[in-house]
Participant: 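This is the structure I have questions about; it appears just below.
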Amino acid sequence: MEVTVVQAAHADAPLNVDGIGHVYAYNTVKVRPQVTGYLKATSFVEGQEVKAGDLLVLIDPAPFQAKVDEAKATLLRDKATAEQNHRDWVRYKDLVEKAVISQEDYEKKRTDYQQSKEQVRMDEASLADAEISLSWCSIASPVDGICSLQQIKTGNLVEENKDTILTVNQIRPINIQISVAEKDLPDLRAHAVKTQLPINVRFPGKDAPASTGVLTVINNAVDTTTGMITIQGEFQNENRLLWPGQFVEASVVLAMIPGTILLPSDALMETQDGISAFVVTAQKTVEIRKVKTGRKIGSNTVIESGINAGDTVITSGQIKLFPGAPVTIVNEKTYNEGPVPPADGTTQGQPQPKGDGQNSGQDAVDKDRKGS
């Protein structure tokens with residue numbers, strides 16, 4: 001019987017805390033207007049990746065530009081008034097010293113000058129406010145990220161601090177929140193204070209890691225209803241494989257354990273006596289071994305006893321095997337193609353052997369039928 005095998009060997013096996021999680025944007029920004037007006041232009045494409053500072057939308061700036069012009073004109077007028085009041089005050093100061101005018105008239109001129117000076121400061125503040133409102137007509141992205149679908153299209157009226165035009169999700173870097181069992185919390189905290197722990201995440205049904213990040217947060221409380229605690233990891237996500245809202249399987253690597261024997265979980269069988277595995281002997285026959293297993297790491301299982309380094313362990317075709325059965329070791333491709341069927345003894349183009357009279361008579365009947 002043909003089988004595939006794997007050579008048992010010592011390896012560094014990670015001590016993991018496994019959990020399930022969801023991907024969250026590093027920053028989620030809801031773009032809302034800070035002034036009321038009509039959307040005049042849209043400068044992004046839905047789903048586009050934008051940089052911080054890139055223009056997203058433009059609200060009609062004409063009314064706000066008019067307020068800026070009005071504030072500038074008011075400031076210039078009141079500055080001229082303040083300058084005139086200053087000249088009057090200086091002149092009256094000389095006159096009051098010569099006793100030409102009363103002290104009351106002098107005080108009035110000084111008050112007029114102080115009031116006009118403060119009015120100029122108010123006008124400067126009004127101009128600054130108008131310029132800020134004008135700047136808010138151009139809405140730029142505050143972060144690097146991906147634009148969502150535009151919820152309010154160009155030409156519609158938007159109200160300040162109320163309507164959400166779009167959302168920008170920052171995905172580089174990106175966060176993943178993972179739920180792990182409460183029983184793993186002591187080990188997790190003990191190793192987290194020593195070093196920054198790596199996290200490997202996989203997509204459901206995939207063995208290969210999709211991305212690797214680091215543990216950044218352990219939540220401050222265990223959920224008493226589920227017995228789970230939430231942890232968070234940060235991932236650079238340069239290849240943009242991780243997307244907000246995705247479901248992932250995660251493993252926090254607490255430490256690497258050297259000298260561990262790992263076998264594919266498919267090589268192990270569960271029997272009435274426990275977990276067993278088939279081993280190929282030096283005589284190319286099958287031997288069954290009872291094994292003691294430990295934790296699972298992806299598609300592999302840690303073997304604590306029963307298998308030694310150097311043993312040849314069968315990974316496929318176990319259902320047909322029994323102790324002492326002879327086997328042939330083949331590669332995965334040959335095993336999947338199956339055994340080659342035996343060649344047909346009849347060769348096309350060669351005459352068929354003649355049979356006895358009975359068969360000849362039957363052949364004649366068949367020939368007549370065909371002729372009919």
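Atom set for the values below is all heavy atoms of this structure, side chains included, hydrogens, waters and symmetry mates excluded. Here, residue 1 is the first one in the sequence, and each next residue gets the next number.
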Participant: Give a yes or no on whether the backbone of Asn200 and the side-chain of Glu249 come within a donor-acceptor separation of less than 3.5 Å.
Facilitator: no

Participant: When hydrophobic residues are tied together by side-chain contacts of less than 4.5 Å, even through go-betweens, does Leu262 share a cluster with Ile307?
Facilitator: no

Participant: Under the criterion side-chain contact (heavy atoms from CB on, under 4.5 Å), I'd like the reasoning laid out for Val201 against Leu242: C-alpha separation, chi angles, the key distance, then a yes or no.
Facilitator: CA-CA 10 Å; Val201 295; Leu242 300 175; 4.3 Å; yes

Participant: Can you find a pair of side-chain heavy atoms, one from Lys162 and one from Arg32, that are under 4.5 Å apart?
Facilitator: no

Participant: Just by distance, do the side chain of Asn237 and the backbone of Leu241 share a donor-acceptor pair under 3.5 Å?
Facilitator: yes

Participant: Would you tell me whether Thr4 and Thr315 have side-chain atoms, one donor and one acceptor, within less than 3.5 Å of each other?
Facilitator: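 On atom types as modelled, these side chains qualify, holding a pair under 3.5 Å.
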
Participant: I'd like to check Val313 versus Val5 (side-chain heavy atoms, cut-off strictly below 4.5 Å). Are they in contact?
Facilitator: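 In short, these two side chains do not touch, never coming nearer than 4.5 Å.
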
Participant: Within the structure provided, determine whether Ile231 and Asn219 are in side-chain contact (heavy-atom separation under 4.5 Å).
Facilitator: no

Participant: Where the side chain of Arg289 meets the backbone of Gly306, is there a donor-acceptor pair that is under 3.5 Å apart?
Facilitator: yes

Participant: Cluster partners of Val143, using ILVMFWY side-chain heavy atoms under 4.5 angstrom, listed by chain and number?
Facilitator: Val29, Val31, Val35, Leu39, Phe44, Val50, Leu56, Val57, Ile59, Phe64, Val68, Leu75, Val120, Leu127, Ile132, Leu134, Trp136, Ile139, Ile152, Val158, Ile165, Leu166, Val168

Participant: Identify the two heavy atoms, one from Lys93 and one from Tyr106, that lie closest to each other, and give their separation to 0.1 Å.
Facilitator: CA-CE1, 3.5 Å

Participant: Report the distance from atom CD of Gln48 to atom CD1 of Ile146, rounding to the nearest 0.5 Å.
Facilitator: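 CD1 of Ile146 is found 8.5 Å from CD of Gln48.
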
Participant: Between Thr260 (side chain) and Ile257 (backbone), is there a donor-acceptor pair under 3.5 Å?
Facilitator: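 Checking the backbone N and O of Ile257 against the side chain of Thr260, a donor-acceptor pair under 3.5 Å is found.
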
Participant: Which residues end up grouped with Leu157 if you chain together Ile, Leu, Val, Met, Phe, Trp and Tyr wherever their side-chain heavy atoms are less than 4.5 Å apart?
Facilitator: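 Hydrophobic cluster check, Leu157: joined to Tyr38.
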
Participant: Might you point out which heavy atoms bring Thr312 and Gln7 nearest each other, and give the distance in Å?
Facilitator: OG1-OE1, 3.3 Å

Participant: Looking only at atom types and distance, does a side-chain atom of Tyr113 sit under 3.5 Å from a main-chain N or O of Gln84, one as donor and one as acceptor?
Facilitator: no

Participant: Is it the case that more than 12 heavy atoms not belonging to Glu70 sit under 6.0 Å from its CD atom?
Facilitator: no

Participant: Under 4.0 Å between a Lys/Arg side-chain N and an Asp/Glu carboxylate O for Glu49 and Arg240?
Facilitator: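 Yes, Glu49 and Arg240 are salt-bridged.
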
Participant: I'd like to know if the side chain of Asn16 and the backbone of Asp18 have a donor-acceptor N/O pair within less than 3.5 Å.
Facilitator: no

Participant: Inspect the surroundings of CD1 in Ile20 and state if more than 12 heavy atoms from other residues, nucleotides or ligands are less than 6.0 Å away.
Facilitator: no

Participant: Is a donor on one side and an acceptor on the other found under 3.5 Å between the side chain of Gln114 and the backbone of Thr111?
Facilitator: no

Participant: Can you find a pair of side-chain heavy atoms, one from Val286 and one from Ile288, that are under 4.5 Å apart?
Facilitator: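 A side-chain contact is absent here, since even the closest heavy-atom pair is not under 4.5 Å.
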
Participant: Is any side-chain heavy atom of Lys284 less than 4.5 Å from a side-chain heavy atom of Pro326?
Facilitator: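 The answer is no, as the side chains (C-beta and beyond) never meet within the 4.5 Å cut-off.
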
Participant: Is the closest side-chain heavy-atom distance between Arg189 and Ile218 below 4.5 Å?
Facilitator: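 Yes, their side chains come closer than 4.5 Å.
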
Participant: Is any side-chain heavy atom of Gln119 less than 4.5 Å from a side-chain heavy atom of Thr81?
Facilitator: no

Participant: Could you walk me through whether Ile174 and Val23 satisfy the side-chain contact (heavy atoms from CB on, under 4.5 Å) test, starting with their C-alpha distance in whole Å, then the side-chain angles of each, then the deciding distance to 0.1 Å, before giving a yes or no?
Facilitator: CA-CA 7 Å; Ile174 202 166; Val23 182; 3.3 Å; yes

Participant: Any pair with a residue in residues 189-236 that passes ring pair (Phe, Tyr, Trp, His ring centres under 6.0 Å), sequence neighbours left out, goes on the list, sorted by first then second residue, please.
Facilitator: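 Sorted pair list comes back empty.
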
Participant: Assess whether side chain to side chain donor-acceptor pair (under 3.5 Å) is satisfied between Asn85 and Ser116, documenting all intermediate values.
Facilitator: CA-CA 7 Å; Asn85 289 339; Ser116 60; 3.2 Å; yes

Participant: If only side-chain N and O atoms count, and only distance matters, is there a donor-acceptor pair under 3.5 Å linking Asp105 with Ser102?
Facilitator: yes

Participant: In this structure, would Leu185 and Val252 fall into the same cluster of hydrophobic residues linked by side-chain contacts under 4.5 Å?
Facilitator: yes

Participant: Taking all atoms of both residues into account, what is the closest heavy-atom pair of Pro258 and Asp12, and its distance?
Facilitator: CA-OD1, 3.1 Å

Participant: Can you tell me how far apart NZ (Lys183) and CD1 (Ile229) are? Round to the nearest 0.5 Å.
Facilitator: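 CD1 of Ile229 is found 13.5 Å from NZ of Lys183.
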
Participant: Let me confirm one number: the OG1-NZ distance from Thr164 to Lys30, rounded to the nearest 0.5 Å.
Facilitator: 5.5 Å

Participant: Look at atom CD of Glu270 and say whether more than 12 heavy atoms of other residues, nucleotides or ligands are closer to it than 6.0 Å.
Facilitator: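 No.
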
Participant: Distance check, rounded to the nearest 0.5 Å: Thr42 atom OG1 versus Leu58 atom CG?
Facilitator: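 Answer rounded to 0.5 Å: 9.0 Å.
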
Participant: Any ion pair linking Glu107 and Arg110 (charged N to carboxylate O, less than 4.0 Å)?
Facilitator: yes

Participant: Shared ILVMFWY cluster between Met269 and Leu321, side chains joined below 4.5 angstrom?
Facilitator: yes

Participant: Sub-3.5 Å donor-acceptor pair from the side chain of Asp54 to the main-chain atoms of Lys51, do we have one?
Facilitator: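 Judged by distance alone, yes, a pair lies under 3.5 Å.
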
Participant: Check the side chains of Asn331 and Thr334 for a donor-acceptor pair under 3.5 angstrom, ignoring hydrogens and angles.
Facilitator: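 Asn331 and Thr334 do have a side-chain donor-acceptor pair below 3.5 Å.
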
Participant: For Gly53 and Ala140, which heavy atoms make the closest approach, and how far apart are they?
Facilitator: O-CB, 3.6 Å

Participant: What distance do Lys40 atom NZ and Thr154 atom OG1 have between them, rounded to the nearest 0.5 Å?
Facilitator: 12.0 Å

Participant: Shortest non-hydrogen contact from Ile261 to Ala309?
Facilitator: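 Heavy-atom minimum between the residues: CD1-N, 3.6 Å.
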
Participant: Quick check for you: to the nearest 0.5 Å, what is the distance between Lys79 atom NZ and Leu76 atom CG?
Facilitator: 7.0 Å

Participant: Applying a strict under-4.5 Å side-chain criterion to I, L, V, M, F, W and Y, I'd like to know whether Trp243 and Ile178 cluster together.
Facilitator: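 Trp243 and Ile178: one cluster.
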
Participant: Tell me whether Thr36 contacts the main-chain N or O of Glu159 through its side chain, where contact means a donor paired with an acceptor under 3.5 Å.
Facilitator: no

Participant: Between Asp69 and Lys72, is a salt bridge (Lys or Arg N to Asp or Glu O under 4.0 Å) present by the stated rule, with each step listed?
Facilitator: CA-CA 5 Å; Asp69 296 339; Lys72 286 181 177 179; 5.0 Å; no

Participant: Looking only at the side chains, is there a donor atom on one of Thr271 and Asp273 sitting less than 3.5 Å from an acceptor on the other?
Facilitator: no

Participant: Indicate, with yes or no, if Val180 and Val217 share a hydrophobic cluster defined by side-chain heavy-atom contacts under 4.5 Å among Ile, Leu, Val, Met, Phe, Trp and Tyr.
Facilitator: no

Participant: Determine, for Lys153 against Glu46, whether the closest basic-nitrogen to carboxylate-oxygen distance falls under 4.0 angstrom.
Facilitator: yes

Participant: With a 4.5 Å heavy-atom cut-off, do Ile199 and Ser251 have their side chains touching?
Facilitator: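 A side-chain contact under 4.5 Å is absent here.
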
Participant: Which ILVMFWY residues are connected to Val253, directly or by a chain of links, through side-chain heavy atoms under 4.5 Å apart?
Facilitator: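 Joined to Val253, directly or through intermediates: Met256.
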
Participant: Can you tell me which residue pairs pass the ring pair (Phe, Tyr, Trp, His ring centres under 6.0 Å) test with a partner in residues 245-298, sequence neighbours excluded?
Facilitator: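 As it turns out, the ring pair (Phe, Tyr, Trp, His ring centres under 6.0 Å) pairs with a partner in residues 245-298, which skip direct neighbours, are His22-Phe247.
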
Participant: Are more than 12 heavy atoms, taken from residues, nucleotides or ligands other than Gln151, located less than 6.0 Å from that residue's CD atom?
Facilitator: yes

Participant: Mark yes or no for whether Thr301, through its side chain, and Ile297, through its backbone, hold a donor-acceptor pair below 3.5 Å.
Facilitator: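 Absent.
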
Participant: Taking atom CD of Glu104 as the centre, does the number of heavy atoms from other residues, nucleotides or ligands within less than 6.0 Å exceed 12?
Facilitator: no

Participant: List for me each residue that meets salt bridge (charged side-chain N to carboxylate O under 4.0 Å, His left out) alongside Lys292, sequence neighbours excluded, and say none if there are none.
Facilitator: Glu304

Participant: Return yes if a side-chain donor-acceptor contact under 3.5 Å exists between Thr28 and Asn169, otherwise no.
Facilitator: yes

Participant: Looking at every non-hydrogen atom in both residues, tell me the closest pair between Thr230 and Ser179 and how far apart they are.
Facilitator: OG1-OG, 4.2 Å

